[in-house]
Participant: 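Here it is, the structure in full.
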Amino acid sequence: MAKSAPSIMKCENMFCAGCGHSLFDRLLGEVLTEMDIVGESISCSDIGCNHMYQYSMAVDTVVPPHGKMGAAMAAMKKVRPDKYIFSIAGDGGAYAIGLGETLSAATRNDNVTFFVMNNTVYAMTGGQMAPTTMPGQYSSSSIKGRTAEEHGRTFDVVKLMQNLEIAYLARCTVTNAAEMAKTKRCIKKALEKQRDGKGFSLVEVLVPCPTNWGLTPPEAMRHIENDLVPYLPLGEYIDR
Ligand SMILES: Cc1ncc(C[n+]2csc(CCOP(=O)(O)OP(=O)(O)O)c2C)c(N)n1
Ligand code: SF4
C-alpha cells in the first residue's frame, strides 16, 4: 500500500507529470514533519517551476526577487535566528542570476540551508540553456547542442564549493527508491546542521524535466542515470 502523504502536503501539486520537483517536495515534507519543525520553519522560494511547492506545502514562505535567495536567507536568519530558514531554488536561480548571492552566503558560512533543484535548464521560461546545461545538450537556446567552445563549460557546484568552509555539501537524485531514501537522509542532515549552528548547507538534487527535455518521464530518469550522474557524481562532499 502506498504511504500516505504527510499532512504538510495540503493539496495536489501543479507540476507536469514526471517532474522531479514534486518528488523532492514530498521528501522535504516528510522530513519537516518527522523532525516536527513545520511551525519552526520559514521557506524562501525562488522564481521558477521549483516555486510551485508553496501552493501544495503548508509552510510559511517568503518570495524574494529571482536569484536573491542567499541574501534573503541571510536577512531572514538574522531577524529570526530561532527559525529554520531554508530555500528551494532552481539551478538557474542559484547558479546563474543568483550565483553571487549563493557564493556570498556560502563564504560567510551563513547558518541556513539551500536546496537546489538542478534540471539543467531554465524550465519555467521554456527550457533555455543554463550554466548547468550538459555538453551536447539541446535546449531552446542551444538548438545545435551545447559546446564548450561556443557556450562555455558546464557548471559544477561541487568544483566551486568543495574547498569552502561550509557545514554540508551533497549531490543526490530522485531516480529510484534507493536514491530517494539517500536524498531524504541528505535533506535531514542539512537541516540538522542548521539546528546545531554549524553553518551553510547546500544539497543539489538532480531532477528530471521531461517537458523541456522532450523525453517521457521514464526516459528522463534514464537520462539522469546514464548522462548526468557520470558527469556530476553523487555523494556527500563536505560534512563537518
Ligand atoms: C530578475 C528576473 N530575471 C528573469 C526572470 C525570468 N525567469 C523566471 S523563472 C526563470 C528561470 C528559472 O529557472 P530555474 O531557476 O532553473 O528554475 P526551474 O524553472 O528550472 O525550476 C527566469 C529566467 C525573472 N522572473 N526575474
Ligand atoms: S516544465 Fe519541467 S520543471 Fe517545470 S513543472 Fe514541467 S517538468 Fe517540472
Side-chain angles (χ1 to χ4, degrees), residues 9 11-29 43-57 61-73 86-106 113-134 137-142 146 151-152 154-157 160 171-175 180 183 187 202-225 227-228 232:
M9 312 309 286
C11 60
E12 287 183 13
N13 67 63
M14 298 168 69
F15 302 108
C16 307
C19 177
H21 291 330
S22 64
L23 299 174
F24 169 81
D25 293 354
R26 165 69 183 256
L27 295 176
L28 176 62
S43 81
C44 185
S45 168
D46 205 346
I47 313 297
C49 288
N50 56 84
H51 91 280
M52 290 190 282
Y53 76 88
Q54 60 188 285
Y55 304 130
S56 51
M57 197 186 291
T61 299
V62 171
V63 186
H66 189 29
K68 307 304 171 198
M69 301 307 103
M73 282 195 289
F86 67 83
S87 186
I88 303 177
D91 47 289
Y95 303 153
I97 188 168
L99 182 60
E101 280 75 9
T102 302
L103 205 45
S104 294
T113 309
F114 206 175
F115 300 114
V116 182
M117 305 299 107
N118 181 359
N119 57 20
T120 74
V121 286
Y122 299 118
M124 179 163 261
T125 43
Q128 293 88 358
M129 183 176 61
T132 45
T133 299
M134 298 293 289
Q137 182 176 340
Y138 298 94
S139 74
S140 58
S141 57
S142 58
R146 180 181 189 151
H151 306 109
T154 298
F155 178 88
D156 178 348
V157 71
L160 183 74
R171 180 186 284 129
C172 41
T173 188
V174 289
T175 47
M180 285 185 64
T183 300
I187 293 169
L202 189 148
V203 178
E204 179 181 89
V205 189
L206 303 179
V207 288
C209 172
T211 302
N212 282 303
W213 292 355
L215 301 174
T216 64
E219 287 169 348
M221 290 298 192
R222 283 198 292 277
H223 173 57
I224 293 180
E225 287 169 347
D227 303 317
L228 267 64
L232 300 167

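Read the numbers this way: they start at 1 and go in the same order the structure lists the ligands and their atoms.
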Participant: Distance from W213 atom CH2 to I224 atom CD1, nearest 0.5 Å?
Facilitator: 4.0 Å
Participant: Using modelled atom types and a 3.5 Å cut-off, is there a donor and acceptor pairing between side-chain atoms of T120 and backbone atoms of M134?
Facilitator: no
Participant: Kindly confirm whether atom 8 (Fe) of ligand 2 is within less than 2.8 Å of some N/O/S atom in C16?
Facilitator: no
Participant: Report the part of V121 (side chain from C-beta onward, or backbone N, CA, C, O) that has a heavy atom under 4.0 Å from ligand 1; answer both or neither where that applies.
Facilitator: backbone
Participant: Quick test: of every protein heavy atom, which one is nearest to atom 15 (O) of ligand 1, and how far off is it to 0.1 Å?
Facilitator: G93 N, 2.8 Å
Participant: So which protein heavy atom does atom 17 (O) of ligand 1 come closest to, and at what separation?
Facilitator: N50 ND2, 3.1 Å
Participant: What residue and heavy atom of the protein are closest to atom 1 (C) of ligand 1, and at what distance?
Facilitator: I97 CD1, 3.6 Å
Participant: Could you measure the distance from the CD atom of Q137 to the CG atom of L228? Nearest 0.5 Å is fine.
Facilitator: 7.5 Å
Participant: Which protein non-hydrogen atom lies closest to atom 16 (O) of ligand 1, naming both residue and atom, and how far is it?
Facilitator: G92 N, 2.8 Å
Participant: Side chain or backbone of T125 under 4.0 Å from ligand 1, or both, or neither, by non-hydrogen atoms?
Facilitator: side chain
Participant: Which is it for T102 and L202 under the side chain to side chain contact (heavy atoms under 4.5 Å, CB included) test, yes or no, and what are the steps along the way?
Facilitator: CA-CA 10 Å; T102 302; L202 189 148; 4.2 Å; yes
Participant: For atom 8 (Fe) of ligand 2, what is the nearest protein heavy atom, given as residue, atom name and distance?
Facilitator: C19 SG, 2.3 Å
Participant: Using a cut-off of strictly less than 2.8 Å, determine whether C49 has an N/O/S atom near atom 4 (Fe) of ligand 2.
Facilitator: yes
Participant: Does any donor atom in the side chain of Q54 or T61 lie under 3.5 Å from an acceptor atom in the other side chain?
Facilitator: no
Participant: Determine, considering heavy atoms only, which of H51, M117, H66 sits nearest to atom 5 (C) of ligand 1.
Facilitator: H66
Participant: Would you say ligand 1 has an N or O under 3.5 Å from any N or O of G48?
Facilitator: no
Participant: Quick check on contacts: which atoms of ligand 1 are under 4.0 angstrom from a heavy atom of D91?
Facilitator: 16 (O)
Participant: Parallel, tilted or perpendicular, judged at 30° and 60°: which one describes the rings of Y95 and F155?
Facilitator: tilted
Participant: Below 4.0 angstrom from a heavy atom of N119, which ligand 1 atoms are there? Numbered from 1 as shown, please.
Facilitator: 20 (O)
Participant: At a 4.0 Å threshold, what atoms of ligand 2 neighbour a non-hydrogen atom of N119?
Facilitator: 3 (S)
Participant: So, applying side-chain contact (heavy atoms from CB on, under 4.5 Å) with D91, which one of V205, V207, N118 is it?
Facilitator: N118
Participant: One residue to check: H21. Relative to ligand 2, which of side chain, backbone, both or neither has a non-hydrogen atom less than 4.0 Å away?
Facilitator: side chain
Participant: Flag the pair H21 / N119 as yes when at least one side-chain heavy-atom distance between them is below 4.5 Å, and no otherwise.
Facilitator: yes
Participant: Do Y53 and S43 have a side chain donor and acceptor closer than 3.5 Å?
Facilitator: yes
Participant: Give the atoms of ligand 2, by number and element, whose distance to some non-hydrogen atom of T211 is under 4.0 Å.
Facilitator: 1 (S), 6 (Fe), 7 (S)
Participant: Give the numbers and elements of all ligand 1 atoms closer than 4.0 Å to a heavy atom of M124.
Facilitator: 19 (O)
Participant: Specify the protein heavy atom at minimum distance from atom 2 (Fe) of ligand 2: its residue, its atom name, and the distance to 0.1 Å.
Facilitator: C209 SG, 2.3 Å
Participant: With the side chain counted from C-beta on, respond yes when D25 and N13 share a heavy-atom pair under 4.5 Å apart, and no when they do not.
Facilitator: no
Participant: Could you walk me through whether T183 and I187 pass the side chain to side chain contact (heavy atoms under 4.5 Å, CB included) check?
Facilitator: CA-CA 6 Å; T183 300; I187 293 169; 4.1 Å; yes
Participant: Please identify which atoms of ligand 1 are closer than 4.0 Å to at least one heavy atom of C49.
Facilitator: 18 (P), 19 (O), 21 (O)
Participant: Heavy atoms, side chains only, cut-off 4.5 Å: are S140 and Q128 in contact?
Facilitator: yes
Participant: Any idea which protein heavy atom is nearest atom 1 (S) of ligand 2, and the distance to it?
Facilitator: N212 ND2, 3.5 Å
Participant: What I'd like to find out is whether the side chain of D156 reaches to under 4.5 Å of the side chain of R171, using heavy atoms alone.
Facilitator: yes
Participant: Do M124 and H51 have side chains that approach each other closer than 4.5 Å (heavy atoms only, starting at C-beta)?
Facilitator: yes
Participant: Could you find the nearest protein heavy atom to atom 25 (N) of ligand 1 and give me its residue, atom name and distance?
Facilitator: I47 CG2, 3.9 Å
Participant: Pull out every atom of ligand 1 sitting under 4.0 Å from any heavy atom of H21, numbered as shown with elements.
Facilitator: 21 (O)
Participant: So is Y122 polar-close to ligand 1, meaning N/O to N/O under 3.5 Å?
Facilitator: no
Participant: Would you mind running through ligand 2 and noting each atom that sits below 4.0 Å from a heavy atom of P210?
Facilitator: 7 (S)
Participant: If you round to the nearest 0.5 Å, how far is OG1 of T132 from OH of Y122?
Facilitator: 7.5 Å
Participant: Between N50 and ligand 2, find which residue part has any heavy-atom pair under 4.0 Å and reply side chain, backbone, both or neither.
Facilitator: neither
